[in-house]
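What follows is one structure encoded as structure tokens, with my remarks underneath.
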There are 2 protein chains.
Amino acid sequence: MKGIRQLAKHLDISIGTVSRALNGRPDVNEDTRKRVLAAAEELGYVANQSGRSLRQGTTNVIGLMIESSKETVENSDNFFLGVTGGLQSVLSRHKLDLLMLPCPNDEDPHEYLKRMVARRIVDAMIISATQRVDKRIDLLIKTKIPFVALGRSTSGGNHTWIDLDFEGVAACAVDRLVSKGHRRIAIAAPSNDINLGYIFVDAYRKSLERHGIAFDPALVIRVKSSEQGGYQAGHEMLRLESKPSAIILIYELMAIGLYRRLNEAGIVPGRDLAVIGFREEPRGKFLQPSLTCFRMSLRDLGVELAETLLATMPAYAEHYPKGARSTIWPLELAPGESDAFSLTS
Amino acid sequence: MKGIRQLAKHLDISIGTVSRALNGRPDVNEDTRKRVLAAAEELGYVANQSGRSLRQGTTNVIGLMIESSKETVENSDNFFLGVTGGLQSVLSRHKLDLLMLPCPNDEDPHEYLKRMVARRIVDAMIISATQRVDKRIDLLIKTKIPFVALGRSTSGGNHTWIDLDFEGVAACAVDRLVSKGHRRIAIAAPSNDINLGYIFVDAYRKSLERHGIAFDPALVIRVKSSEQGGYQAGHEMLRLESKPSAIILIYELMAIGLYRRLNEAGIVPGRDLAVIGFREEPRGKFLQPSLTCFRMSLRDLGVELAETLLATMPAYAEHYPKGARSTIWPLELAPGESDAFSLTS
DNA sequence: CTGAAAGCGCTTACAG
DNA sequence: CTGAAAGCGCTTACAG
């Protein structure tokens, strides 16, 4: 005999009372509760989760699905681990645990999620690396699992998401460059179907138009979201007939590769070419000249993600009266030397 | 009605037969099995994990406990995500899923693990960031959860672990430096209780003795395992009365901070001071002059971890006849320019 | 080869 | 305030 049965026997009371005491039900004699709690502590009893889950229909676990793509692995500040802290600080208020579900590289993310959802390992999900068309969203809606997507998507319609303010970043970068006299501004965008690529390029285009600058497709350089992609972007930019005087990067690590390619060509960022990077991150901090980029708190993003997710869950929604609103997450300009010069002066 | 019951009703057979068919039992008519599989696929049925777990006493989940300390978060190549790929490639052979359990910063790792273990969320655990004295190991032994520790410890006695070859790295680094004429070799070691610190310093000491060089405690510089710690190490080294001509670093990111401090002092690595770093990693790749350090495959380490863990699990041990041996994981020297000069020439 | 039934460890109406 | 009992969704001896 083990589990709650053993504990109950040891205390010489019924398992029902033990369960009620442990779960903080009000209808338990305070002395009884104390005895139960003490005995549980002493014997190291914690309720078997499978038993609880089966009975309650709830696992008290929130899943964070991550993809261990090369990009994610090489990203130098562990984006997800950073977000994790903020997530947990909120989830722990409700005794919810966070588990990270790493989708194997060789498995289709949709199939992986389907399996995890069907097994009912988690009560709710956070998905990331949202694609422009993302079947996972339809799946989660269909199976009625509460979820929030980190990244917008055209799939799913009315679900909840949180996304970085790509529009704001693109507009700020373009405004800043134009104010320094730049007219030919290139952009390095991801070559895959990730949704942020579309949003970013679109915002860039609109910002240009606002300044009366015609959009030139040749200045949209499609590369991998990696350091290598940044190198490639530099390479392609140098081969353009009509060269840009500035470039905006969409992914943090691109700056490193770009600097490398520029260095090879004897081009100095901030003197010969204006460069604006995306999210500030540790590796980029060592670039010389320092990179103008954008800053955000991963922890705060985690808090927002958790609160939004809980707002979509009927059992917790009452604590989050703001409701399950989709959010554009702002980034703050961190000016550096890489775009310091003016063309007009 | 839902779950297996619904599926059985739909097929007009008993739930027992459905279960047997789905689980690949031999005693099922092949036609029946095909019908069941097809219907499950069609209706999207996957067995509820809580039901299975409760009945079987097994969750088919392996946990990887990680700590989201600042060090881990800032580590630039996502060590754990790198290991994850190798782990999953082995675990998937046995239909085991890997879940990452991130211990919140404000929770004691021992308490966290205790809770996770008691809830029986996983069948086995991989723990990391092993401390010299690590109560988690005693806990896992006591509760008889199969596990493997990534990192040696003095706790626990006869458990299975895998650890990097700190001895080999220290010996190789010292040998290399001594062969270039260095006699005063400093070492930057972690200031906390993580076990690798003890091992590394010990190996360093023995290597020196092998060359007849007296151990000088002043040359063991205790700093945080971070970029900032590397800066600090440089700072403290410069204040030594009798300056070393070489320094060995114990943590990958230290090199970046060290280079920064050296740069401030006008000291050029590889010309004025020999520097040997620890594990090769993306951020260090951009250091000038290039850093002499050590290389390893995170994926291969993941494979080894998984195979070792499975060998400790009775249900899988037969597939891993090598058994559950503790392993010292080798690193390969990746020579750079940072220790290129000789004192003797 | 298949079905009926027991039981994994819990929580929770229900009765007292 | 407490106990006895049902039942969550499965798997697996057991009987046929």
Problem - Of residues 115-123 of chain B, the positions that come close to DNA chain C - non-hydrogen atoms, cut-off under 4.0 Å - result: none

Handout entry: Residue closer to the 5' end of DNA chain D, Ile4(B) versus Arg20(B) (nearest nucleotide)
Key = Ile4(B)

Handout entry: Neighbour count >12 (heavy atoms, 6.0 Å) for atom NE2, His110(A)
Key = yes

Practice task
Please answer whether the main-chain N or O of Ala129(A) pairs with a side-chain N or O of Gln131(A) as donor and acceptor at a distance below 3.5 Å.
Solution key: yes

Handout entry: Whole-Å distance separating the CD atom of Gln6(A) from the C1' atom of dC10(C)
Key = 15 Å

Exercise for the section: Give the rounded distance in Å between these two atoms: CG of Asn48(B) and C1' of dT11(D). Expected result: 13 Å

Handout entry: 5'-to-3' dot-bracket of DNA chain C (Watson-Crick, G-U; under 3.5 angstrom; crossing pairs as [ ]; | other strand)
Key = |||.||||||||.|||

Problem - Heavy-atom closest pair, residues Ser153(B) and Ile137(B) - result: CB-CD1, 3.5 Å

Practice task
Determine whether more than 12 heavy atoms belonging to other residues, nucleotides or ligands lie under 6.0 Å from atom CD of Glu30(B).
Solution key: yes

Practice task
Output yes when at least one side-chain N/O atom of Asn23(B) is less than 4.0 Å from OP1 or OP2 of dT11(D), else no.
Solution key: yes

Practice task
Give one of base, sugar-phosphate or nothing for Gly16(A), where a contact means two heavy atoms less than 4.0 Å apart.
Solution key: base

Exercise for the section: Could you tell me how the ring of His94(A) sits relative to the ring of His319(A): parallel (under 30°), tilted (30 to 60°) or perpendicular (over 60°)? Expected result: tilted

Practice task
Would you mind classifying the nucleic acid contact of Ile15(A) as base, sugar-phosphate or nothing, using non-hydrogen atoms under 4.0 angstrom?
Solution key: base

Practice task
Using whole Å, report how far CZ of Arg5(B) lies from C1' of dA5(C).
Solution key: 10 Å

Practice task
Describe the nucleic acid contact of Asp27(A) in one word from base, sugar-phosphate, nothing, applying a heavy-atom distance below 4.0 Å.
Solution key: base

Problem - Straight-line distance of Ile13(B) CD1 to Arg20(B) CZ, nearest 0.5 Å - result: 9.5 Å

Completion exercise
Rounded to whole Å, the CG-P distance (Asp12(A) to dC1(D)) equals 20 Å

Problem - pair Arg52(B)-Asn23(B): side-chain heavy atoms closer than 4.5 Å - result: yes

Handout entry: Donor-acceptor pair present, Arg55(A) side chain and dG9(D) base, under 3.5 Å
Key = no

Problem - Interatomic distance, Asp31(A) CG vs dT2(D) C1' [rounded to whole Å] - result: 14 Å

Exercise for the section: Please check if atom CG in Asp27(A) has more than 12 non-hydrogen atoms from other residues, nucleotides or ligands closer than 6.0 Å. Expected result: yes

Practice task
Assign Ser50(B) to base, sugar-phosphate, or nothing according to its heavy-atom contacts below 4.0 angstrom with the strands shown.
Solution key: nothing

Handout entry: Shortest side-chain distance from Asn29(B), nucleotide among dT2(C), dT11(C), dC10(D)
Key = dT2(C)

Practice task
Look at all strands and tell whether Arg25(A) reaches a base, only sugar-phosphate, or nothing, counting heavy atoms closer than 4.0 Å.
Solution key: sugar-phosphate

Practice task
May I ask you to evaluate whether Thr17(A) reaches the phosphate of dT2(D), defined as a side-chain N or O under 4.0 Å from OP1 or OP2?
Solution key: no

Handout entry: Atom-pair distance (CD on Glu30(B); C1' on dT2(C)), nearest Å
Key = 15 Å

Exercise for the section: Quickly work out the Leu7(B) CG to dG9(D) C1' distance and round it to whole Å. Expected result: 13 Å

Practice task
Check whether any side-chain N or O of Thr32(A) sits under 4.0 Å from OP1 or OP2 of dT2(D), and answer yes or no.
Solution key: yes

Handout entry: Length of the line joining Asn60(B):CG and dC10(D):C1', which is rounded to integer Å
Key = 13 Å

Exercise for the section: Determine the minimum heavy-atom distance between Ser89(B) and Arg299(B), stating which atoms define it. Expected result: CB-NH2, 3.4 Å

Problem - side-chain N/O Gln56(B) vs dC8(C) OP1/OP2, d < 4.0 Å - result: no

Exercise for the section: With the side chain counted from C-beta on, respond yes when Met125(A) and Leu113(A) share a heavy-atom pair under 4.5 Å apart, and no when they do not. Expected result: yes

